[in-house]
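First the structure, in the form of structure tokens, and then the observations on it.
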Amino acid sequence: MLTDILQSEVVRSILGALIAVAAAVVIVVVTAIVFRVTARHRPWAGQLIDTARRPFRAALVVGFVWASLAITVTDQQLASALGLMMRILTIVTVAWLVGAIIVFLENLGLARYRIDTPDNRVARRVRTQVLILKRLSIVVVVVVALGAVLLSFPGAQTFGASLLASAGLLSIIAGLAVQSSLSNVFSGMQLAFSDAIRVDDVVIVEGEWGRVEEITLTYVVVHIWDDRRMILPSTYFTSKPYQNWTRRNSELLGSVEFDLDWRVTPQHMREELDRVLSRTPLWDERVKVLQVTDAVGGYVRIRILVSAVDAPTLFDLRCFVREELVTWLHEQSPVSLPRVRVQDTKDADMRRPSLDPEPNPGTGGLFSGDPDAVDRANLFTGRIDVIRPPEVD
């Protein structure tokens, strides 16, 4: 009786599958022990366990079960159906495992390049490129896995060949339909490898100051200073001008300007600037300049240039310098404060000017300038003599 049961194909298949699962579990346990021991001295081993544990178990179990079913199932029709199902499961689990390994490699590479350091230009460039490569790799893995699954079905190649007959027309239609999306994809790849912008770059876009928070294949997320997010298509950064404050390095210069009275003493203000900067760690000790840049309109314009390691630090430094010098002007140099001067006109000559023109003898008349002109004028304006008839005695 037991021999008949064991000779049953279904029972043999189930027992074979159980044995395969048990073998896969043993291998998983041994592998986990090895990697956990290795993780005590190599941190990357622990990261690999956390990232690829589940897809590795699934792929191993599916592979062992497929091998056991291929041995124990003899019926051709059943074997074909089970083989198709196990092939699809194997493709899916292997794609899952490959995606997990890609994520692990990305995290491993990014761990060496931290962006929370003062000089992080190289780290930001590497992070940007790695993130783009990771997304592109995941897309490739998914597309390849989907294609492999479709090709597993009988007749898929024939279906694909029939589609190729109209590939020319379909390619034109598809190109027109996804032109904008494809342009964003290529622009995203261009941004990643041209080093134009990187993650955590400080940029000015659409008049807004912010940091590049995320770069994808189709769009860029800019974290605005007031915690808003501006989402721009990748083509924006390849077709429109924008400001990148951290293109080559993060060090920046900033200005603080004052409009003060003419009695200000720039040298005293310069000495106070030295004392202010010596009390703050915000200044990176590169640039420290105080100049009189203008002196018109009743004011003297003082411009101060200072430097800092990055844009947020520079903003805080400018505010600090402005606050300290305003306090110094009030307390130590009040004569330097800007004033508006008004002239008192109560003792001034307030007579209204006459609207009648001044007489100008010698220059009037219709014609003037020489005797002939005067005679000519008399013809028109002079007295006309009337010839009277002689009186009759």
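Numbers here simply count residues along the sequence, with the first being 1. In this text, all values refer to a predicted model and were calculated from it rather than measured experimentally.
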Please check: side-chain N/O of Arg211 versus main-chain N/O of Asp200, any donor-acceptor pairing under 3.5 Å? yes
Return the minimal non-hydrogen interatomic distance between Thr51 and Ala100, and the atom names on each side. CG2-O, 3.2 Å
Transitive ILVMFWY side-chain link Val326 to Trp283, under 4.5 Å: yes
Are the side chain of Arg54 and the backbone of Ala52 linked by a donor-acceptor contact shorter than 3.5 Å? no
Which atom names give the shortest non-hydrogen contact between Ile204 and Tyr242, and what distance separates them? O-CB, 3.7 Å
Look at the side chain of Thr93 and the backbone N and O of Thr90, then say whether any donor-acceptor pair between them is shorter than 3.5 Å. yes
Restricting to non-hydrogen atoms, name the atom on Ala59 and the atom on Leu97 that form the minimum distance, rounded to 0.1 Å. CB-CD2, 4.5 Å
Which atom of Leu252 lies closest to which atom of Asp310, heavy atoms considered: CD1-C, 4.3 Å
What one should report as the nearest heavy-atom pair of Val306 and Leu314 is O-CD1, 3.9 Å
Run the side-chain contact (heavy atoms from CB on, under 4.5 Å) check on Val65 and Leu89 step by step: do they pass? CA-CA 11 Å; Val65 170; Leu89 290 177; over 6 Å; no
Is Ser333 reaching over with its side chain to a backbone N or O of Leu329, donor-acceptor style, under 3.5 angstrom? no
Under 3.5 Å, side chain of Thr265 to main-chain N/O of His268, donor-acceptor pair present? no
Under-4.0 Å salt bridge between Glu324 and Arg275: no
Ignoring hydrogens and angles, tell me if any N or O in the side chain of Arg318 forms a donor-acceptor pair with the backbone of Ser255 under 3.5 Å. yes
So for atom OH, which belongs to Tyr299, do other residues, nucleotides or ligands contribute more than 12 heavy atoms lying within a distance under 6.0 Å? yes
Donor-acceptor contact below 3.5 Å, side chain Thr327 vs main chain Glu323: yes
Output yes when a side-chain donor or acceptor of Arg339 lies under 3.5 Å from a complementary backbone atom of Leu337, and no otherwise. yes
For Thr31 and Ile27, indicate whether the former's side chain and the latter's backbone hold a donor-acceptor pair under 3.5 Å. yes
Correct closest heavy-atom pair for Ile215 and Val199 would be CD1-N, 4.1 Å
Without swapping roles, check the side chain of Asp261 against the backbone of Val264 for a donor-acceptor pair under 3.5 Å. no
